[in-house]
Amino acid sequence: KQNVIVAGSTWADDDKILSAYAKQNESVALIIAPHDIKQKRIGECLQLYPSAITLSDWNKLSEEENNNFKTLIINNIGMLAQLYYYGSICYVGGGFTRDGVHNVLEAAVYNKPVVIGPEYDKYTEVKKLIAEQGGESIKTAEELKLVCDDLFANNTKRLTTGWNAGNYVRSKTGATDKILSFIQKNRLLTN
């Protein structure tokens with residue numbers, strides 16, 4: 001099975017670190033869904049990543065031509081949450097920006113290890129996901145290499161970390177039922 005990193009909502013700093021890792025690891029394929037899908041940003045990604053192609057261009061190729069690429073750049077909106085399913089490891093971008101990391105739950109729900117950048121202090125769910133060993137935070141390309149190489153080499157650790165991520169999401173289900181019960185109990189929606 002191919003080692004695949006699905007990286008969602010990436011910014012330039014995320015892409016620099018991910019592309020450095022990809023260039024050192026021929027056995028790793030990437031699916032990159034940049035936060036910004038404007039033409040300039042997609043062009044930057046195509047130049048940064050090895051053997052990259054956009055999804056729209058890949059869809060135009062014949063089946064024989066489809067196997068020559070290492071990096072698939074997603075240049076549309078609406079697919080990311082489903083794409084995380086296909087990753088061996090999921091990287092969630094934004095962790096090198098002031099605003100912080102994007103939605104880690106979209107990846108964690110698929111029982112995938114989640115890797116993020118260092119800016120996540122204002123996100124309770126991210127702090128808890130890391131504390132419950134469902135993912136790891138990295139600060140440098142070297143740290144990304146150590147974390148990903150370890151997870152790819154140690155199948156048990158990768159599966160356990162992914163299970164921890166998914167279990168964190170499962171432990172938070174039921175909020176809708178609790179809210180509806182509260183509303184009914186307190187008769188908040190009466191005419």
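Count residues from 1 along the sequence. For clarity, every value in this text was computed on a predicted model and none was experimentally measured.
Side chains of Ile32 and Tyr91 form no contact here, defined as non-hydrogen atoms less than 4.5 Å apart. Between Ser51 and Asn68 the shortest side-chain heavy-atom distance does not fall below 4.5 Å. Within the 4.5 Å cutoff, the side chain of Val92 has no heavy atoms near those of the Val115 side chain. Looking at Val109 and Tyr84, their side chains never come closer than 4.5 Å, going by heavy atoms from C-beta outward. Contact annotation: the side chain of Met79 approaches that of Leu55 to within less than 4.5 Å [non-hydrogen atoms, C-beta and beyond]. Contact check for Tyr120 versus Val104: no side-chain heavy atoms found under the 4.5 Å cut-off. Side-chain contact between Glu125 and Tyr168: present, with at least one pair of heavy atoms (C-beta onward) separated by less than 4.5 Å. Considering only heavy atoms from C-beta on, Phe96 comes within 4.5 Å of Ile138 through its side chain.
Counting only residues at least two apart or on different chains, the ring-ring contact (aromatic ring centres under 6.0 Å, His included) pairs with a member in residues 24-47 are Trp11-His35, His35-His102.
Without hydrogens or angle criteria, Asn25 side chain to Tyr21 main chain gives a donor-acceptor distance under 3.5 Å. Remark: the backbone N or O of Phe182 is paired with a side-chain donor or acceptor of Asn186 at under 3.5 angstrom. Of the possible polar contacts, one joining the Asp36 side chain to the Lys38 backbone as a donor-acceptor pair under 3.5 Å is found. With Lys16 contributing its side chain and Ala141 its backbone, the two residues share no donor-acceptor pair below 3.5 Å.
Summarising the geometry, atom CG belonging to Leu144 is positioned 11.0 Å from atom OG belonging to Ser137; distances are rounded to the nearest 0.5 Å. Distance check, rounded to the nearest 0.5 Å: NZ of Lys127 to OG1 of Thr124 gives 5.0 Å. From Thr10, atom OG1 reaches atom CD1 of Ile73 across 7.5 Å, with rounding to the nearest 0.5 Å. To the nearest 0.5 Å, atoms CD (Gln133) and NZ (Lys157) are separated by 8.5 Å. In this structure, CZ in Arg170 is found 9.5 Å from OG1 in Thr173, a value given to the nearest 0.5 Å. Note that CD1 of Ile53 is 8.5 Å distant from CG of Leu46, once rounded to the nearest 0.5 Å.
The two residues Leu80 and Ser9 have their closest heavy-atom pair at CD2-OG, 3.7 Å. Contact record, Ile31 with Leu83: CG2-CD1, 4.1 Å, taken as the closest heavy-atom pair. A pairwise comparison of heavy atoms in Ala22 and Leu30 identifies CB-CD1, 3.3 Å as the closest pair. Of all non-hydrogen atoms in Gln2 and Ser27, the two that sit nearest each other are NE2-O, 2.9 Å. Nearest heavy-atom pair across Ala108 and Leu129 is CB-CD1, 4.2 Å. Considering all non-hydrogen atoms of both residues, Gly135 and Thr161 come closest at N-CG2, 3.8 Å.
A salt bridge is defined here as a Lys NZ or Arg NE, NH1 or NH2 lying under 4.0 Å from an Asp or Glu carboxylate O, and Glu44 with Arg41 meets this definition.
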**OP:** Applying side chain to side chain contact (heavy atoms under 4.5 Å, CB included), run through Ile183 and Ile179 and close with a yes or a no.
**Re:** CA-CA 6 Å; Ile183 290 170; Ile179 292 167; 3.9 Å; yes
Original post:
Given the rule in the side chain to side chain contact (heavy atoms under 4.5 Å, CB included) test, do Thr97 and Glu119 qualify, once you have shown the distances and angles that lead to the verdict?
Top reply: CA-CA 7 Å; Thr97 66; Glu119 296 296 325; 5.9 Å; no
**OP:** Let me see the working for Ser88 and Asn3 under side chain to side chain donor-acceptor pair (under 3.5 Å), right down to the final yes or no.
**Re:** CA-CA 6 Å; Ser88 308; Asn3 291 328; 4.6 Å; no
Original post:
When you look at Ile42 and Ile37, which way does the side chain to side chain contact (heavy atoms under 4.5 Å, CB included) test go after all the steps?
Top reply: CA-CA 6 Å; Ile42 295 297; Ile37 61 164; 4.3 Å; yes
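Heavy-atom neighbours of Lys139 NZ from other residues, nucleotides or ligands within 6.0 Å: at or below the threshold of 12. More than 12 heavy atoms of other residues, nucleotides or ligands sit less than 6.0 Å from atom CD of Gln82.
Linking Ile, Leu, Val, Met, Phe, Trp and Tyr whenever their side-chain heavy atoms come within less than 4.5 Å leaves Phe152 and Leu159 in two separate clusters. Leu48 and Ile74 are assigned to two separate hydrophobic clusters, defined by single-linkage of ILVMFWY side chains at heavy-atom distances under 4.5 Å. Hydrophobic clustering (ILVMFWY, side-chain heavy atoms < 4.5 Å, transitive): Leu151 and Val114 are in distinct clusters. One hydrophobic cluster, built from ILVMFWY side chains closer than 4.5 Å, holds both Val28 and Leu18. Under a hydrophobic-cluster definition in which Ile, Leu, Val, Met, Phe, Trp and Tyr are linked whenever side-chain heavy atoms come within less than 4.5 Å, directly or via other members, Leu105 and Val101 are assigned to the same cluster.
Remark: Lys112 is positioned above the aromatic ring of Tyr85, its terminal NZ or CZ atom under 6.0 angstrom from the ring centre and at most 45 degrees off the axis.
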